[in-house]
Amino acid sequence: MKIATWNVNSIKVRLEGVLGWLRQAEPDVLCLQEIKVVDEAFPRQAFEDLGYNVAVHGQKTYNGVALLSKLPMQDVTPRLPGNPEDVQSRYLEAVIGGPQPVRVASIYLPNGNPPDTDKYPYKLGWMARLKDRANELLKLEELLVLAGDYNVIPSARDVYNADAWRGDALFLPETRLAYQALLAEGLTDAFRACNTDAGQYSFWDYQAGAWQKNNGIRIDHLLLSPQAADCLRGAGIDKAVRAWEQPSDHVPVWCELAA
DNA sequence: ATGGCTAGGCTCCCTAGA
């Protein structure tokens with residue numbers, strides 16, 4: 001089963017690109033982030049025509065996540081538990097059917113900038129809630145894939161110019177420690193389990209020729225339960241998509257499970 | 001990033017992104 005994640009930065013603008021990528025890459029599951037539309041405005045039919053089941057947790061203008069799956073989805077659950085007052089659409093979980101079911105979540109972790117505002121404690125609080133959710137799910141001993149835009153640069157090898165990101169919410173020591181605490185629950189970074197090279201990025205800013213200089217960061221991750229990690233057959237970043245017409249600033253990241 | 005681009009909407013300027 002091939003599972004991918006992609007922050008598309010508006011599904012309306014990116015629809016043709018996403019459809020083209022699906023035809024080419026043929027993932028079984030695609031986790032989308034920053035769709036920036038309400039559920040009713042999501043182009044559901046276009047994906048159903050390609051053979052995907054669709055689950056959406058949308059929001060007007062900002063955020064919004066979705067799941068596309070060739071196999072049927074059960075137990076489709078929006079929202080990360082732990083704060084009923086959090087109305088931002090950043091989490092959608094489902095169990096993908098099949099002989100070996102896989103629980104998948106599409107995650108859009110808060111950016112957190114600027115760090116001296118309430119946006120940063122919101123990010124850290126969200127990360128603590130995600131850690132709690134992971135802890136709960138790992139007890140089930142299922143195949144589990146938490147995939148999405150984590151807005152976390154895990155280490156210096158995941159950034160072109162570390163000094164430029166020192167004080168940024170994506171790279172602050174407290175952010176990286178919270179991410180390490182999440183991994184310590186028992187999760188494996190699928191890409192890093194397959195590739196230890198530096199200079200492997202999933203995001204390049206639109207500004208200042210960042211793409212042309214390969215001035216990027218790796219912030220889109222697929223985190224696997226031990227049961228899923230045992231099935232891991234490969235992982236990669238579809239970097240070439242960044243050079244397509246009217247691209248997102250993120251590219252798809254994927255993993256292949258023998259399940 | 002001393003913010004150079006992109007997207008959305010309360011659209012001719014603002015917020016947000018990372």
Side-chain angles (χ1 to χ4, degrees), chain A residues 5-18 21 31-43 56-66 86-91 106-127 130 147-179 191 199-221 237 239 241-253:
Chain A
T5 180
W6 193 2
N7 178 325
V8 292
N9 184 20
S10 167
I11 193 61
K12 280 185 190 166
V13 174
R14 225 66 63 200
L15 181 59
E16 286 310 312
V18 175
W21 185 77
C31 304
L32 296 168
Q33 300 89 36
E34 277 206 275
I35 59 173
K36 297 186 174 179
V37 291
V38 294
D39 293 10
E40 299 72 36
F42 189 83
V56 185
H57 179 42
Q59 184 180 330
K60 188 179 179 182
T61 311
Y62 304 116
N63 311 315
V65 289
D86 183 0
V87 294
Q88 299 189 26
S89 299
R90 296 178 173 275
Y91 186 91
S106 181
I107 288 169
Y108 180 43
L109 204 146
N111 174 301
N113 281 307
D116 60 352
T117 67
D118 56 4
K119 294 187 176 194
Y120 193 56
Y122 173 65
K123 175 178 193 151
L124 293 176
W126 210 95
M127 293 182 82
L130 181 60
D149 176 0
Y150 279 76
N151 273 315
V152 174
I153 302 167
S155 74
R157 77 182 157 168
D158 301 307
V159 51
Y160 178 82
N161 179 5
D163 285 337
W165 293 88
R166 274 309 158 205
D168 194 283
L170 281 66
F171 196 52
L172 281 172
E174 199 170 359
T175 303
R176 285 184 276 152
L177 280 170
Y179 182 74
F191 181 77
Q200 306 294 302
Y201 308 130
S202 66
F203 169 94
W204 297 260
D205 200 290
Y206 288 120
Q207 299 181 73
W211 165 245
Q212 287 74 13
K213 298 176 199 162
N214 196 31
N215 180 5
I217 51 179
R218 193 177 70 91
I219 56 174
D220 299 272
H221 311 301
I237 301 175
K239 180 177 181 177
V241 174
R242 187 61 178 77
W244 287 9
E245 289 264 318
Q246 221 177 0
S248 170
D249 38 11
H250 299 249
V251 296
V253 182

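Letters A, B, ... are given to chains in the order of the sequence lines, protein chains preceding strands, and every chain is numbered from 1. Everything numeric in this text was worked out from a predicted model, so none of it was measured.
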Kindly assign one of parallel, tilted or perpendicular to the pair A:His221 and A:Tyr150, based on the angle between their ring planes and the thresholds 30° and 60°.
tilted
How would you summarise protein contacts on nucleotides 10-16 of chain B per nucleotide, using B for base, S for sugar-phosphate only and - for none, with heavy-atom distances below 4.0 Å?
S-----S
What does [X] touch in the nucleic acid at a heavy-atom separation under 4.0 angstrom: a base, only the sugar-phosphate, or nothing?
X        : result
A:Asn161 : nothing
A:Asp205 : base
A:Asn7   : sugar-phosphate
A:Tyr150 : nothing
A:Ala164 : nothing
A:Arg166 : nothing

Axial cation check for A:Phe171 ring with A:Arg166, 6.0 Å and 45° limits:
no
Position toward the 5' end of DNA chain B (nearest nucleotide), A:Gly112 or A:Ser10
A:Ser10
side-chain contact (heavy atoms from CB on, under 4.5 Å) involving A:Pro247 - partner list, sequence neighbours excluded:
A:Arg242
Expected list for residues 241-252 of chain A near DNA chain B, using heavy atoms below 4.0 Å, is A:Gln246, A:His250
Where the side chain of A:Ile219 is concerned, which of B:dT6, B:dA18, B:dG8 is the nearest nucleotide?
B:dA18
